[in-house]
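From a predicted model like this one, the values you see are computed outputs, not experimental measurements.
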Amino acid sequence: LCFAQKDVFQLKDIEKIAPKEKGITSMSVKEILQSLVDDGMVDTDRIGTSNYFWAFPSKALHSRKRKLEELESQFAESSQKKETLQKSIEKSKIGRENTAERAALIEELSALRQKKEQLKTEIEKYRECDPDVVEEMRQTNKIAKEAANRWTDNIFSIKSWAKRKFGFEESRIDKSFGIPEDLDYID
């Protein structure tokens with residue numbers, strides 16, 4: 001409609017003309033028009049309190065030319081990428097011809113990889129004898145011992161405070177809080 005008459009319209013004008021000329025029901029004109037605006041096929045602008053709609057053939061032509069140029073550019077880029085990949089494939093095939101020597105080397109490589117996995121498994125068995133692992137375990141044990149002694153010290157401090165503050169006997173505090181009688185620092 002806008003292409004044919006090369007004019008600017010208001011919504012009420014389009015709602016009158018579209019059913020007569022294009023056979024579109026007047027109830028769906030607004031939805032169709034909004035869809036065309038969203039797709040960029042029809043332009044719209046608000047001037048004052050009115051909305052105006054227009055679409056000129058030159059804009060559609062420029063839009064198609066721009067889309068065509070964009071697609072041609074993408075095609076050229078893809079073609080260049082394909083050509084580069086083809087060259088890369090051809091280059092990587094050089095020296096990989098199926099020969100008896102290559103087959104023997106592949107078989108040897110497979111055997112060596114399998115042996116490597118077996119050796120890794122065997123090393124894992126003896127991991128606990130590794131000096132680095134043993135030293136790490138010693139450090140972990142030292143930290144754990146210090147933490148245990150720190151908590152033991154905290155328990156003794158709280159017991160002492162409770163005896164002073166509330167006059168409880170030590171055996172009653174131990175029983176109430178589940179503290180073993182033989183609780184002592186770790187050497």
Whether the side chain of Ser35 engages the backbone of Glu31 through a donor-acceptor N/O pair (distance < 3.5 Å, no angle test) should be reported.
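Checked: no pair found.
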
Under 3.5 Å donor-acceptor, Ser88 side chain and Thr84 backbone:
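Flag not set: sc Ser88 to bb Thr84 has no pair under 3.5 Å.
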
Does a donor on one side chain sit under 3.5 Å from an acceptor on the other, for Ser50 and Arg46?
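No, no side-chain donor-acceptor contact under 3.5 Å.
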
Should we count CZ of Arg102 as having more than 12 external heavy atoms under 6.0 Å?
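Count over threshold, so yes.
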
For Glu136, does the CD atom have more than 12 heavy-atom neighbours from other residues, nucleotides or ligands under 6.0 Å away?
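Open: at most 12 neighbouring heavy atoms sit under 6.0 Å from CD of Glu136.
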
Would you mind reporting whether Asn51 and Asp45 have side-chain heavy atoms less than 4.5 Å apart?
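No, too far: nothing below the 4.5 Å cut-off.
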
Atom [atom1] in [X], atom [atom2] in [Y]: separation rounded to 0.5 Å?
{"X": "Ile106", "Y": "Glu108", "atom1": "CD1", "atom2": "CD", "value": "11.5 Å"}
{"X": "Arg172", "Y": "Lys175", "atom1": "CZ", "atom2": "NZ", "value": "10.0 Å"}
{"X": "Ile155", "Y": "Ile173", "atom1": "CD1", "atom2": "CD1", "value": "12.0 Å"}
{"X": "Glu170", "Y": "Ser160", "atom1": "CD", "atom2": "OG", "value": "9.0 Å"}

Listed by chain and number, what are the side chain to side chain contact (heavy atoms under 4.5 Å, CB included) partners of [X], not counting sequence neighbours?
{"X": "Tyr185", "result": "Asn149, Thr152, Asp153, Phe156"}
{"X": "Arg138", "result": "Val134, Glu135"}
{"X": "Glu90", "result": "Lys93"}
{"X": "Leu68", "result": "Glu72"}

Residue pair Asp43, Phe53: steps toward the side chain to side chain contact (heavy atoms under 4.5 Å, CB included) verdict
CA-CA 6 Å; Asp43 292 317; Phe53 300 91; over 6 Å; no

What about Ile158 and Phe168, same hydrophobic cluster or not, with Ile/Leu/Val/Met/Phe/Trp/Tyr joined at side-chain heavy-atom distances under 4.5 Å?
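No, Ile158 and Phe168 fall in different hydrophobic clusters.
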
Should Trp161 and Leu183 be regarded as members of a common hydrophobic cluster, given that ILVMFWY residues are connected when their side-chain heavy atoms come within less than 4.5 Å of each other, either directly or indirectly?
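Yes, it is one cluster - the side chains of Trp161 and Leu183 are joined through contacts under 4.5 Å.
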
Sequence neighbours left out, cut at 3.5 Å: what donor-acceptor pairs do the side chains of residues 110-121 make with other protein atoms?
from: Thr121; atom 1: OG1; to: Glu117; atom 2: O; distance (Å): 2.9

Give the intermediate values and the outcome of side chain to side chain contact (heavy atoms under 4.5 Å, CB included) for residues Asp174 and Lys159.
CA-CA 8 Å; Asp174 288 346; Lys159 280 173 56 174; 2.8 Å; yes

Can you give each donor-acceptor pair under 3.5 Å made by side-chain atoms of residues 74-83, sequence neighbours left out, with the distance rounded to 0.1 Å?
from: Ser78; atom 1: OG; to: Gln74; atom 2: O; distance (Å): 3.0
from: Ser79; atom 1: OG; to: Phe75; atom 2: O; distance (Å): 2.9

